[in-house]
Amino acid sequence: MLKIKDLYASVEGMEILKGINLEVKPGEVHAIMGPNGSGKSTLANVLAGKEDYEVTNGEVIFEGEDLLEKSPEERAKDGIFLSFQYPVEIPGVPMVNFLKTSVNEHRKHKGLKELTAGEFLKLMREKMDLVDMHTKLTNRMVNEGFSGGEKKKNEIFQMALLEPKLAILDETDSGLDIDALKTVANGVNALKSPERSTIVVTHYQRLLDYIVPDYVHILYQGKIVKTAGKELALQLEEKGYDWIKSENGN
Amino acid sequence: MEEQDKILNDVTQGEYKYGFVTDIETDIIDKGLNEDVIRLISAKKEEPEFMLNFRLEAYRKWLKMKMPNWAYLKIPPIDFQAISYYAAPKKGPKYESLDEVDPELIDTFNKLGIPLEEQKHLAGVAVDAVIDSVSVKTTFKETLAEKGIIFCSFSEAVKEHPDLVKKYLGQAVPVADNYFAALNSAVFSDGSFCYIPKGVRCPMELSTYFRINAANTGQFERTLIVADDDSYVSYLEGCTAPMRDENQLHAAVVEIITLDRAEVKYSTVQNWYPGDKNGKGGIYNFVTKRGVCRGISSKISWTQVETGSAITWKYPSCILMGDNSVGEFNSVAVTNNHQQADTGSKMIHIGRNTKSTIVSKGISAGKSENSYRGLVKVMPKATNSRNFSQCDSLLLNDTCGAHTFPYIEVGNKSSIVEHEATTSKIGEDQIFYCNQRGIDTETAIGMIVNGYAKEVLNKLPMEFAVEAQKLLQISLEGSVG
Ligand SMILES: Nc1ncnc2c1ncn2[C@@H]1O[C@H](COP(=O)(O)OP(=O)(O)O)[C@@H](O)[C@H]1O
Ligand SMILES: [Mg+2]
């Protein structure tokens with residue numbers, strides 16, 4: 001599904017990713033952990049195609065195609081979904097319009113008929129139940145006045161609507177209380193299938209109690225310095241990030 | 001990918017959508033301006049003497065006036081002698097049925113989507129279409145006539161309702177009000193006239209489409225709307241113009257008079273050719289629009305969506321004479337590439353308890369300059385009057401400019417004037433968020449801009465609002481950065 005080979009990327013002339021290698025197969029859940037500033041969000045943004053990030057070396061193959069050549073919206077429609085660490089507010093744009101446009105862009109891309117307003121609302125209600133989304137939120141402008149937790153929930157809600165092949169969740173757990181965390185995890189798990197893959201970027205182990213990863217990678221200073229099974233997350237929880245830092249000469 | 005390509009193509013190679021020129025034989029008088037030309041225009045139009053005198057008075061005053069230079073605009077010198085001041089379709093202005101109309105003209109109308117046909121009746125819109133300077137076809141006059149409503153070309157009004165024209169012409173915009181209004185008063189070719197009698201609610205939106213068509217012909221439209229006691233009308237003006245290399249001057253005048261408890265809603269979607277990406281060509285749009293709420297409790301509202309023209313100089317205004325009268329100005333002005341707009345409103349409070357509202361939404365992109373200029377003036381006797389002004393600017397990049405020039409003069413202590421202003425920028429993060437959800441940049445900007453302008457768009461009649469929404473999006477294609 002996704003193959004990252006020797007990926008280097010910089011932002012504003014500063015090299016952040018320094019040779020990432022990662023392969024994600026269909027159905028797999030990968031967790032990426034690491035201290036603040038190690039480049040987790042950078043990796044997520046590079047995969048999603050954010051302009052500010054310049055890829056200086058390496059390649060990314062998604063579903064057999066060169067991902068880096070494509071525009072952000074093409075990547076999205078090809079099935080890459082990024083749950084943002086900090087979702088932005090878009091004043092003046094109603095949630096329902098935004099979501100309907102998004103869903104229909106995806107459908108057009110797949111050669112499906114666009115949904116009418118009625119059909120869309122029906123789909124929306126179904127998915128709202130999945131993540132316990134309130135109409136008081138869907139009646140607002142995109143993310144406007146949402147609390148941190150509501151914004152995260154909204155990301156998972158959109159993921160449920162779009163059913164991506166590869167979901168990248170960038171610290172979706174941060175700022176969530178335990179109930180919200182469970183809801184979000186349930187949403188993610190409900191979408192799990194042998195065809196869909198997930199990359200969970202997280203700082204803490206607790207989300208991984210609910211979304212169980214097949215692999216855990218530790219990203220440190222722009223490189224993956226350790227890869228193992230889910231036990232690595234527990235080990236990290238126990239020993240703390242200083243363990244990684246000291247092992248890597250800091 | 002295909003969608004993406006199409007948009008890219010439209011943006012980079014797309015010509016102005018309505019930039020075609022129709023090849024209709026026209027009767028054009030020689031270029032230049034002097035008293036003889038004015039007499040010739042008046043004679044060609046078979047006008048009564050009061051009209052000739054009106055024109056001559058305006059011309060003589062205009063000669064002594066200077067081009068205004070206070071606006072935040074760079075206006076290239078205009079050679080008024082290089083303009084031809086009259087053009088009429090050769091076949092003459094009157095047809096009994098569509099079959100008699102030049103097929104090319106019909107074709108033009110169709111390309112523009114101007115519905116002269118019966119379907120439009122079902123949609124509830126009467127159309128008085130103006131091609132060049134002479135009205136070619138007026139529809140649904142009979143339906144309106146049953147209610148005693150007069151809706152016709154200005155020339156026709158001069159012939160058939162001279163008393164009304166004489167009584168109200170120049171009441172809102174005096175002959176020498178400003179340089180461009182004086183020029184218009186001297187040479188105006190045609191336009192629309194509308195009279196709503198006492199107690200009548202006009203049953204349909206009255207709509208006029210303007211269009212410049214003959215090369216190098218200045219367009220000087222004149223519109224006069226009179227709403228008698230207890231009457232109501234909603235009037236729509238929309239315009240498109242064909243692509244031209246030379247700059248074309250457009251100096252229209254619109255006057256509205258409302259008597260006791262009458263209401264006029266005037267809506268405009270302005271889409272003149274804005275010039276190319278490098279600022280070459282485009283219409284110069286110097287418009288004087290003013291309404292006088294003469295009667296008590298009368299109301300005039302201006303709603304405009306301005307996306308076209310190379311230069312826009314336009315301040316739809318209300319003079320609130322009658323006690324309890326109400327004035328409104330709602331505007332969305334988009335500038336892109338090298339467009340310049342200096343637009344806003346004047347609200348002059350004369351009567352007691354008069355109220356006015358100004359909502360201005362500027363959207364700037366490219367290397368354009370977009371200015372709001374407004375005057376709120378409360379006279380000493382206008383006790384308990386109120387104004388609220390909201391002026392917002394939205395920037396799409398760092399190379400464009402947005403400016404706000406509010407002037408406030410309050411002459412009594414019981415009145416309240418409030419002014420609010422905001423400036424915001426469409427963030428790359430917002431665009432990226434939309435992109436990540438599969439929404440391309442153009443559509444994303446369209447959504448954001450329409451959201452921003454919603455308050456004004458909502459004031460437009462339904463069909464017009466939909467058109468205006470599309471227009472906003474088209475005008476901003478390829479403009480984020
Ligand atoms: N847009 C940006 N501009 C400048 N520096 C950035 C930008 N994005 C990330 N960085 C820098 O890159 C490094 C990695 O950041 P990030 O990928 O957000 O780390 P993480 O998500 O692992 O906490 C940090 O030093 C951060 O300051
Ligand atoms: Mg991060």
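Just so we're clear, the structure is a prediction, and the values are computed from it rather than from any experiment. In the text below, chain A, chain B and the rest are named by the order of the sequence lines, each starting its count at 1.
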Below 4.5 Å from any heavy atom of chain B, which atoms of Val142(A) appear? Answer side chain, backbone, both or neither.
-> side chain

Under 4.5 Å to a heavy atom of chain B? For Pro87(A) that would be both

Side chain, backbone, both or neither: which part of Phe98(A) has a heavy atom under 4.5 Å from chain B?
-> both

Do the charged groups of Glu163(A) and Lys127(A) touch, with an N to O distance under 4.0 Å?
-> yes

Would you sort out whether Lys152(A) and Asp173(A) count as a salt bridge (charged side-chain N to carboxylate O under 4.0 Å, His left out), showing the intermediate values?
-> CA-CA 8 Å; Lys152(A) 296 301 174 72; Asp173(A) 52 338; over 6 Å; no

Look at Glu455(B), Gln430(B), Gln436(B) and state which one has the largest set of heavy-atom pairs under 4.5 Å with chain A.
-> Gln436(B)

Using 30° and 60° as the class limits, which term best fits the ring planes of His217(A) and His30(A): parallel, tilted or perpendicular?
-> parallel

Quick one: which of Asn143(A), Asn104(A), Asn97(A), Asp52(A) has the most heavy-atom pairs under 4.5 Å with chain B, could you say?
-> Asn143(A)

For chain B, find which of Leu82(A), Thr101(A), Asn45(A) contributes the most heavy-atom pairs closer than 4.5 angstrom.
-> Leu82(A)

Against chain B, label Ile80(A) side chain, backbone, both or neither, depending on which of its atoms sit under 4.5 Å from a heavy atom there.
-> both

Is the side chain of Ser317(B) donor-acceptor paired with the backbone N or O of Tyr315(B) at a distance under 3.5 Å, no angle test?
-> yes

Is chain B contacted by the side chain of Leu162(A), its backbone, both, or neither, given a heavy-atom distance below 4.5 Å?
-> side chain

Given salt bridge (charged side-chain N to carboxylate O under 4.0 Å, His left out), test Glu205(B) with Lys265(B) step by step and report yes or no.
-> CA-CA 10 Å; Glu205(B) 317 270 358; Lys265(B) 270 190 192 173; over 6 Å; no

Side chains of Ser234(B) and Pro461(B): closer than 4.5 Å at any heavy-atom pair?
-> yes

